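Worksheet: the structure to be examined is printed underneath.
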Number of protein chains: 2
Amino acid sequence: MIDFDRYTPLLQDGGRILLLVVDGLGGYPEADRGSELEDAHTPNLDALAARGITGLTEPAGPGITVGSGPGHLALFGYDPWRYDLGRGVLAAVGTGFPLQPGDVAARGNLAFLNDDSLVSDRRAGRISDDRAAPLTERVQQRLDADPPVAGVEVFLRHVSEHRVLLVLRGEGLDARLADMDPQDTGLAPLQARPLGSADARTASVVDAVDAAVRAALAEESDEASPDVALFRGFDGLREMPDFGERTGLRAAAIASYPMYRGVAQLVGMEVLHGPDGPPSSMADQIALARAARDTHDFLFVHYKYADAAGHDGNREAKVEALERLDVDLPALLEAADADVVVVSGDHASPAAVSGHSWHPVPTLLAGGSAGVDDVTTFGERACAGGLLGLRPTEHLLPLALGAAGRLAKYGA
Amino acid sequence: MIDFDRYTPLLQDGGRILLLVVDGLGGYPEADRGSELEDAHTPNLDALAARGITGLTEPAGPGITVGSGPGHLALFGYDPWRYDLGRGVLAAVGTGFPLQPGDVAARGNLAFLNDDSLVSDRRAGRISDDRAAPLTERVQQRLDADPPVAGVEVFLRHVSEHRVLLVLRGEGLDARLADMDPQDTGLAPLQARPLGSADARTASVVDAVDAAVRAALAEESDEASPDVALFRGFDGLREMPDFGERTGLRAAAIASYPMYRGVAQLVGMEVLHGPDGPPSSMADQIALARAARDTHDFLFVHYKYADAAGHDGNREAKVEALERLDVDLPALLEAADADVVVVSGDHASPAAVSGHSWHPVPTLLAGGSAGVDDVTTFGERACAGGLLGLRPTEHLLPLALGAAGRLAKYGA
């Protein structure tokens, strides 16, 4: 674990840093073929690797597969075990919901109950976005028209398919609640229950909200509409050290997806929007990077598409996504005009596993005093021989600070 | 240090794992020749390295030479510093003595005293096994005939040469005792002394046992028989987390030597025996591995002979031992039928140092989602460039769990 209390007293002015996070960058070579990154034609990433140093990074320890939350926290220099984000907070962050301190957030599954009020389908027949989004909005309107608990605001938001977000806002709420989702069919949804020494009132608030949500769902005329939302992962915003205070960097986040803007915002980065809202393409992101030249000295730029293709198990699409990024890379580097560039990923997403994986992620650090090694291609096997070595992902931010000349000498 | 509290909640079903421990596997290349492993002809280990990923592992930190106890604990995923096994427990484990909770165990040296009752030879003239074993048995018989302390069972067992094991069994014994061996000649053996807040009664029990052992030794007619046993390393069984609970694996140990069966048993693995008792050859071990296919999903197979040759400083014998293992490897792999294979060692044993050494141990991980790297021979220098990197040995078990698909995602 990086102890920033050691770094902060050493901070000094230095170069500008670009952190390019290629979501799901890593993979693994197999007997008959390379990883997606190895097989992609990426001359610009290779050239950047050639003028920097390379290695492999592990987000949360050996063998551990991380979600995007912990993966990004590690890239930002936070111990992903110490600062674990609950499901509720991540759902809020992922949908762009402006969570406030004191809010209680939970993930919910729209579900079917049978005639005995036991769960018969935890995903309401994998209800489509087209149906679930307006349905959730109608439920919200009914809750607004007839608030279930005086003094508590209730927000129900659609996330995707059967997934919803619940946020409660009011004085003195306590997020320490057990899951209400029984996690299996044939069981009854659970009542809200305080965990440990948690305040009992919040549980009764949640039960009242739960009853109101059921009543609102029952008003749907469609026979096949869900009967209940099964809530779990109750959580609130945790106190997180501020990224700027820790690092001395004026940090900006440039991301197309709400989840990554959200995690950046949680640590106190400024989230950049264009005239038409959040960036929706690499061209938008490049424009924002250029605009931030004089105002920010740390740019977090997030590239989503490698991960999405990995999730789909689509090897060719992941290779193509990496190649498209490579085409845009020179323009991004020119626009960002950073002294030090880090390229890494929040986790591996090999198409072969159709999801995230535990594999160490290829990583490069170029510019400033980073120096060079003998690695001239950016890929898993090449990076295994680089000067960065095999490290926890958390090491990257301190290394970037070092390469940017932002850390004074420790001791005489 | 691996914190298994992080891993256990993520456990899920997955592939079967074979951990092949080649005792004393590692060595080091010198200017004019390779390590024993590098110079051995091991086409099957090389092929396994070629279809997996490779690296180097350090059992207990840089520069530290470990004994078999800590080396194996690290391979099993236990911090070898946190779970230190005392000399007494290891001697018990190493001789196959069935230690029970509450027992107090100690190592002893048979020694000579001079006419002033000062130690004149701490090893009783390096007494041979042929003499020491029956001598120890006769002492035991005399202790049985005339028990020195009511309510306390006393077990004295021969270990090797001048080395014996003492175990005391009775209500309320406390193992926290200072060494009685003065560790040098010309000094008197020390009286038993409780450490810190330890119970004083056990010290008086040990003093009575010590007096009885001296009296029993004095009954030997042989002039050159030892006068005393110098006891040190008092210890009892420590509470260890259960391997199966930590990892979700139904684990079996297949080892020819009592020490390794003992360490496996300490962490809760099932120790497999054939119809004629413990396995006494690799052929026996292979048969047991095959028999465990449907009952166990983790097999620890221990191969002793590389270490023994290293201890003897016999470079050729170590090379041959590795080559013999290589010949048996395909049959073992076929019998074990594991999805994921780990090959490593508990420590290095270069013939050049005639004993254990601190050198990182060549290691490979193959199968499951391990992937491959460019390393096609199994040896120290080749493994230094592999995708596993240089790691603490403790990382191996979590990595094997990851490769076997046994760890769910952490965080969303």
Side-chain angles (χ1 to χ4, degrees), chain A residues 26-35 55-56 58-74 80-81 83-91 93-94 107 163 233 259 263 346-348 350 352-353 355-360 362 380-386 389-391, chain B residues 1-7 9-12 14 17 47 50-57 77 247 340 342 363 365-376 382-412:
Chain A
Y28 60 95
E30 292 174 86
D32 52 349
R33 62 185 185 194
S35 73
L56 295 166
E58 262 175 356
I64 297 278
T65 296
V66 295
S68 298
H72 277 82
L73 287 181
W81 292 99
Y83 301 104
D84 61 323
L85 303 175
R87 236 167 227 287
V89 167
L90 281 171
V93 159
R107 257 282 306 276
R163 302 177 193 91
M259 164 72 112
V263 177
D346 53 345
H347 53 75
V353 304
H356 300 189
S357 79
W358 57 272
H359 299 85
E380 284 76 1
R381 283 176 287 193
C383 287
L390 169 70
R391 296 171 175 273
Chain B
M1 200 195 84
I2 294 294
D3 181 355
F4 260 88
D5 289 347
R6 295 174 174 175
Y7 287 80
L10 304 175
L11 292 174
Q12 61 187 13
I17 299 169
R51 72 173 179 85
I53 60 176
T54 62
L56 295 167
T57 49
T247 63
V340 170
V342 178
T363 295
L365 174 71
S369 60
V372 304
D373 56 25
D374 288 336
V375 176
T376 55
C383 287
L387 269 177
L388 262 184
L390 169 69
R391 296 171 173 276
T393 303
E394 253 189 288
H395 284 201
L396 281 179
L397 191 75
L399 288 166
L401 290 172
R406 289 183 163 269
L407 293 170
K409 189 164 66 176
Y410 166 61

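These numbers were taken from a predicted model, which means no experiment stands behind them. We name chains A, B, ... by the order of the sequence lines, and we start the count at 1 in each one.
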At a 4.5 Å cut-off on heavy atoms, which part of L10(B) comes close to chain A: side chain, backbone, both, or neither? side chain
Heavy-atom distance under 4.5 Å to chain B: side chain of P360(A), backbone, both or neither? side chain
Under a 4.5 Å cut-off applied to non-hydrogen side-chain atoms, are I2(B) and P62(A) in contact? yes
Nearest-0.5 Å distance, CH2 of residue W81(A) to CG of residue D3(B): 8.0 Å
Between G52(B), G55(B), A370(B), G405(B), the one whose heavy-atom pairs under 4.5 Å with chain A are most numerous: A370(B)
At what distance, to the nearest 0.5 angstrom, does SG of C383(A) lie from CG of L387(B)? 9.5 Å
Supply the atom-to-atom distance L390(B) CG to L390(A) CG, rounded to the nearest 0.5 angstrom. 8.5 Å
Can you tell me how far the NE2 atom of H359(A) sits from the CD1 atom of I53(B), to the nearest 0.5 Å? 6.5 Å
Set of residues satisfying side chain to side chain contact (heavy atoms under 4.5 Å, CB included) with respect to A384(B), sequence neighbours excluded: L56(B)
I'd like to verify something: which residue of G27(A), P80(A), A60(A) has the highest number of heavy-atom pairs under 4.5 Å with chain B? P80(A)
Which atoms of R51(B) come close to chain A, meaning under 4.5 Å heavy atom to heavy atom: side chain ones, backbone ones, both, or neither? neither
Beyond-backbone contact of E380(A) with D373(B), side-chain heavy atoms, under 4.5 angstrom: no
Among E394(B), R391(B), R6(B), which has the most heavy-atom pairs under 4.5 Å with chain A? R6(B)
Approximate separation, where rounding is to 0.5 Å, of H395(B) NE2 and E58(A) CD: 7.0 Å
If you count heavy-atom pairs under 4.5 Å between each of V375(B), D374(B), L407(B) and chain A, which one has the most? D374(B)
Student check: side-chain heavy atoms of S369(B) and W358(A) closer than 4.5 Å: yes
List for me each residue that meets salt bridge (charged side-chain N to carboxylate O under 4.0 Å, His left out) alongside R406(B), sequence neighbours excluded, and say none if there are none. D297(B)
Tell me, side chain or backbone of L85(A) under 4.5 Å from chain B's heavy atoms, or both, or neither? neither
